[in-house]
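Single-structure report; data block below.
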Number of protein chains: 2
Amino acid sequence: MSHGAVIETTTRAGRMPARDERSFGQALAVIQRVVAERNDRPSLVSRIACEIGAEIVEGLRAPGDDLNSVELSRRYRTSRTPIREALMLLEKEGLVDVPPRRRPRVAALAIDEVREIYRARAALFELIAADVARDASDADIASLRPLLERMELAYRHGDLNAYVWANVEFYDRNTQIANNRTIKRILDSLLLKTLRFRRLSLSQPGRMQKSYDDHIRLMRAYEDRDSNLAAALIRSNHINALASLEACLAPKTSSARQTSR
Amino acid sequence: MSHGAVIETTTRAGRMPARDERSFGQALAVIQRVVAERNDRPSLVSRIACEIGAEIVEGLRAPGDDLNSVELSRRYRTSRTPIREALMLLEKEGLVDVPPRRRPRVAALAIDEVREIYRARAALFELIAADVARDASDADIASLRPLLERMELAYRHGDLNAYVWANVEFYDRNTQIANNRTIKRILDSLLLKTLRFRRLSLSQPGRMQKSYDDHIRLMRAYEDRDSNLAAALIRSNHINALASLEACLAPKTSSARQTSR
DNA sequence: CGGCGGTTAAGTGTCGACATTAAGCCTTCG
DNA sequence: CGAAGGCTTAATGTCGACACTTAACCGCCG
């Protein structure tokens with residue numbers, strides 16, 4: 001890693017209580033989309049990868065936790081070969097570190113890496129948003145409405161989990177509409193890495209409101225076919241999200257330089 | 001894939017004669033950087049993955065070719081397990097397709113996907129170039145000069161291979177300077193996919209000249225600390241490269257819609 | 001003579017075992 | 001009393017084997 005401070009999510013804050021089954025199911029679905037992609041057949045390794053991945057995303061496994069392959073093979077009643085493959089799948093997605101000859105661990109994201117991820121996501125999503133505003137059919141843009149309404153509903157109920165997942169679906173629909181599978185894959189992969197922190201970022205006071213407002217304005221930009229504004233909104237939203245994340249992640253490391261790169 | 005026309009590179013044109021050892025070594029080095037990353041220990045699987053990957057990039061294995069794991073295990077005097085891992089590594093980099101229960105094959109890029117890749121690369125590289133122009137130290141920017149001179153030398157000699165690799169190194173140095181490992185990884189991965197076509201694109205008449213000119217101007221923009229210009233140059237260069245690639249890849253599929261989507 | 005169904009060969013997914021290596025523990029020495 | 005070094009344990013990397021699936025080949029029937 002050799003990056004700056006490493007982030008601890010669950011262990012310190014003790015945020016995730018046990019296992020919110022509904023949220024876990026959502027996480028599972030998202031990971032299935034990313035990991036299994038078009039693996040229609042529910043193969044053994046992808047099933048295992050999805051489940052372990054969901055556990056990581058849901059914070060049931062803390063960063064740095066060992067992922068003992070023999071223990072996992074016992075748990076899934078299988079041999080170690082599929083487990084190894086599953087862990088390497090998750091390594092590709094950045095959820096697991098598999099150092100040679102050492103035990104695989106849940107990947108610990110450094111704050112610097114989170115910054116990088118947000119910048120990359122912003123750059124690619126600007127492209128997506130501009131494409132949607134410019135080229136998408138009216139029907140496609142209209143199809144975003146229900147997702148926005150789900151976000152609104154969750155926001156009004158103050159339901160953090162529901163808001164996060166509605167938000168994820170909103171973005172997912174965007175990438176679908178833009179019809180750029182390459183960028184979609186990259187964004188999905190980056191999303192998976194940061195999913196662990198989404199809840200944290202959005203739980204900051206006022207953050208959910210701000211996020212929801214941003215998406216309302218984005219929707220309007222789409223409907224006005226204003227691709228420049230759409231891209232600018234995406235950029236602004238990502239900058240704000242990152243700032244709020246930094247605020248609640250590294251309140252102590254004030255010694256670190258403030259420059260955003 | 002379900003994309004549009006699939007591209008055949010080597011088989012039809014018969015471009016790569018046998019195995020240019022120097023170029024092959026360069027390919028191997030690049031793939032090692034991408035695949036092995038920080039795997040200091042030359043592990044068995046990464047060695048195999050690098051070699052097979054280099055063969056694909058160098059066009060020694062045509063898209064669609066079978067990658068029989070038992071045959072490969074014979075060739076590398078090993079069991080099938082490391083071969084499988086190596087192939088899945090290459091699948092992650094987009095060089096190999098591993099359909100479930102079917103033989104792995106050398107991935108065949110569709111023209112639509114190439115378009116997507118160029119757009120994604122352009123978006124991310126704009127970010128990198130802007131960062132370099134804005135934040136890099138004078139020494140870092142100066143370190144790009146020798147690489148540019150290598151490009152010039154290759155250009156003057158009309159040495160296509162040398163130019164391609166000098167170009168790759170120039171870009172690599174850029175990503176290093178920008179110090180964003182996340183984006184660097186993504187760009188490297190995208191690079192690997194398109195490396196097979198670089199030669200094709202640059203062999204178009206006048207293309208090498210144009211590319212070289214672009215890089216000269218980029219260098220000036222860096223030295224003038226003009227981040228907007230640097231980003232614009234990157235965008236322009238990628239658009240031109242893609243256009244030239246499309247021109248020589250799909251001369252027949254005139255029925256395909258021209259929109260760059 | 002061509003299309004279709006069964007048969008055979010080849011290849012993949014998974015398994016359990018073995019050699020090798022890293023981490024933990026205990027002993028011993030400074 | 002603390003630290004360094006060897007020993008023990010446990011986990012990984014690799015292997016060869018087996019069952020199942022796919023695909024190719026062949027004969028059969030229309």
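Order of the sequence lines fixes the chain letters, A, B, ..., with proteins taken first and strands second; residue numbering starts at 1 for each chain.
Scored by the side-chain contact (heavy atoms from CB on, under 4.5 Å) test, A/Ala107 finds A/Asp97, A/Arg196 as partners (sequence neighbours excluded). For A/Leu89, the side-chain contact (heavy atoms from CB on, under 4.5 Å) test picks out A/Val35, A/Ala49, A/Lys92, with sequence neighbours left out. B/Phe125 pairs by the ring pair (Phe, Tyr, Trp, His ring centres under 6.0 Å) definition with B/Tyr171, not counting sequence neighbours. With sequence neighbours excluded, the residues satisfying side-chain contact (heavy atoms from CB on, under 4.5 Å) with A/Arg84 are A/Arg80, B/Glu85. In this structure B/Glu51 satisfies the side chain to side chain donor-acceptor pair (under 3.5 Å) test with no other residue, sequence neighbours excluded.
Straight-line distance from the CZ atom of A/Arg77 to the C1' atom of C/dC15: 16 Å, rounded to whole Å. The distance between atom CD1 of B/Ile83 and atom P of C/dG11, rounded to the nearest whole Å, is 14 Å. The distance from atom CZ of A/Arg103 to atom P of C/dT21 is 17 Å, rounded to the nearest whole Å. Counting to the nearest Å, the P atom of C/dA23 and the CG atom of A/Asp66 are 10 Å from each other. The nearest whole Å value for the distance from the OH atom in B/Tyr76 to the C1' atom in D/dT14 is 17 Å. Atoms CZ (A/Arg102) and C1' (C/dT20) sit 14 Å apart, rounded to a whole Å. Look at CD on B/Glu85: it is 14 Å from C1' on C/dG13, rounded to the nearest Å. If you measure from atom CD of A/Glu91 to atom C1' of D/dT12, you get 14 Å, rounded to the nearest angstrom.
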Protein-nucleic acid N or O pairs under 3.5 Å, nucleotides 17-19 of chain D:
none

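In the set C/dC15, C/dA22, D/dT12, C/dC15 carries the atom at the smallest distance from any side-chain atom of A/Pro82.
Comparing B/Thr81 and B/Leu67 along DNA chain C, the residue whose closest nucleotide (by nearest heavy atom) sits nearer the 5' end is B/Leu67. Nearest-nucleotide positions on DNA chain C for B/Val70 and A/Leu44 put B/Val70 closer to the 5' end.
The side chain of A/Thr78 places an N or O atom within less than 4.0 Å of a non-bridging phosphate oxygen (OP1 or OP2) of C/dC15. Residue B/Ser69 has a polar side-chain atom (N or O) positioned under 4.0 Å from OP1 or OP2 of C/dT12.
Between B/Ser73 and B/Ser79, the closest side-chain pair of non-hydrogen atoms is not below 4.5 Å. Inter-residue side-chain proximity for B/Thr78 and B/Leu44 is flagged as met; some heavy-atom pair is nearer than 4.5 Å.
Base contact: A/Arg84 has a heavy atom under 4.0 Å from a base atom.
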